[in-house]
Structures are given as C-alpha cells and as structure tokens.
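Here's the structure, in structure tokens; my notes come after.
Predicted model only: the values in this text are computed from it and were never measured.
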Amino acid sequence: MEKIEYSDLNKFLVSIGVTLIIVAFILPWLYLKEPFDLSLTQEQISKLTNEAQKIIVIRQNFILRTINYIQYLSIGLFVSGLTSIIIGLCRWIKKQKMSMNH
C-alpha cells in the first residue's frame, strides 16, 4: 500500500473548502429563485382539488420553517469551507518550508 502523500491531502482540503464556499452562495440563490407556489392567491388555491390544496399548504409551511435556517446553513458552509482552505494551505506551506530546508 502506498504511503499517503500529504500534498494530496492538503489539495483535497482546499478543494473541499472551495466547494463548500460555492455551495454556501448557491444554496440561498437557488432557494430564493424558486417561487414555491407563494404567488398563488387564495382564490386560485380554492379552485384546486383538496389533495392539491393540502400539498400546497404543506409546501408553504415547510418553506416558512426552512427559510429561517438557510442563512445559518450558508454561514456554516462558508465558515467550514474557509476553515478547510486555511488548514490545507497552512499545512501545505509548512510542508513546503520543511522540504526546502532539507
């Protein structure tokens, strides 16, 4: 079995960090882009079948509950991504300095 190459691990950490930061910005954008049936009037909803009305109400309640957490999730993803990038870069710089001294 091959020995783990630490530069590959550090590249992986930086890549994961960049991905998390991208997701942190895309998630709220995708969430806000979707109308989620919120533009329907009560009159339009009342014309639908009972099952469709229940589904719309469930979706709207879900949106109301989750909209408060999207910002915290995005902040958490951003901080995790930034932390991963910093750890990966610091470890890579440390490894580079050690290899230059030897």
For side-chain contact (heavy atoms from CB on, under 4.5 Å), just list the numbers for Ile56 and Leu48, CA-CA rounded to whole Å, side-chain angles, deciding distance to a tenth of an Å, and then say yes or no.
CA-CA 10 Å; Ile56 289 174; Leu48 299 173; 3.3 Å; yes
Can you tell me how far NZ of Lys47 sits from CG of Leu40, rounded to the nearest 0.5 angstrom?
11.5 Å
Cluster question for you: counting only ILVMFWY and a side-chain heavy-atom cut-off of under 4.5 Å, with indirect links fine, are Phe62 and Tyr69 together?
no
To the nearest 0.5 angstrom, please state how far the OG1 atom of Thr66 sits from the CG atom of Asn61.
10.5 Å
Could you give the distance from CG (Leu73) to OH (Tyr31), rounded to the nearest 0.5 Å?
11.0 Å
Passes side-chain contact (heavy atoms from CB on, under 4.5 Å), Glu34 versus Ile63? Steps please.
CA-CA 11 Å; Glu34 181 65 34; Ile63 299 306; over 6 Å; no
Side chain to side chain, Lys97 and Ile93, heavy atoms closer than 4.5 Å:
yes
To the nearest 0.5 Å, atom CD of Glu43 lies from atom CD1 of Ile45 at 11.0 Å
Transitively linked via ILVMFWY side-chain contacts under 4.5 Å: Leu82 with Ile26?
yes
Single-linkage hydrophobic cluster Val14~Phe25, side-chain heavy atoms < 4.5 angstrom
yes
What's the spacing between Ile16 CD1 and Ile87 CD1 if we round to 0.5 Å?
12.5 Å
Assess whether side-chain contact (heavy atoms from CB on, under 4.5 Å) is satisfied between Ile55 and Arg59, documenting all intermediate values.
CA-CA 6 Å; Ile55 291 171; Arg59 282 183 67 183; 4.3 Å; yes
According to a hydrophobic-cluster definition based on side-chain heavy atoms being under 4.5 Å apart (Ile, Leu, Val, Met, Phe, Trp, Tyr only), do Ile86 and Leu89 belong together?
yes
Between Leu77 and Phe12, is there a shared hydrophobic cluster once you connect ILVMFWY residues whose side-chain heavy atoms come closer than 4.5 Å?
yes
side-chain contact (heavy atoms from CB on, under 4.5 Å), that's the test. Do Leu20 and Ile85 meet it? Break it down for me.
CA-CA 10 Å; Leu20 289 174; Ile85 289 173; over 6 Å; no
Whether Ser84 side chain and Ser80 backbone form a donor-acceptor pair below 3.5 Å
no
Distance check, rounded to the nearest 0.5 Å: Asn10 atom CG versus Lys95 atom NZ?
9.0 Å
Smallest separation among heavy atoms of Leu64 and Asn68, with atom names:
O-ND2, 3.7 Å
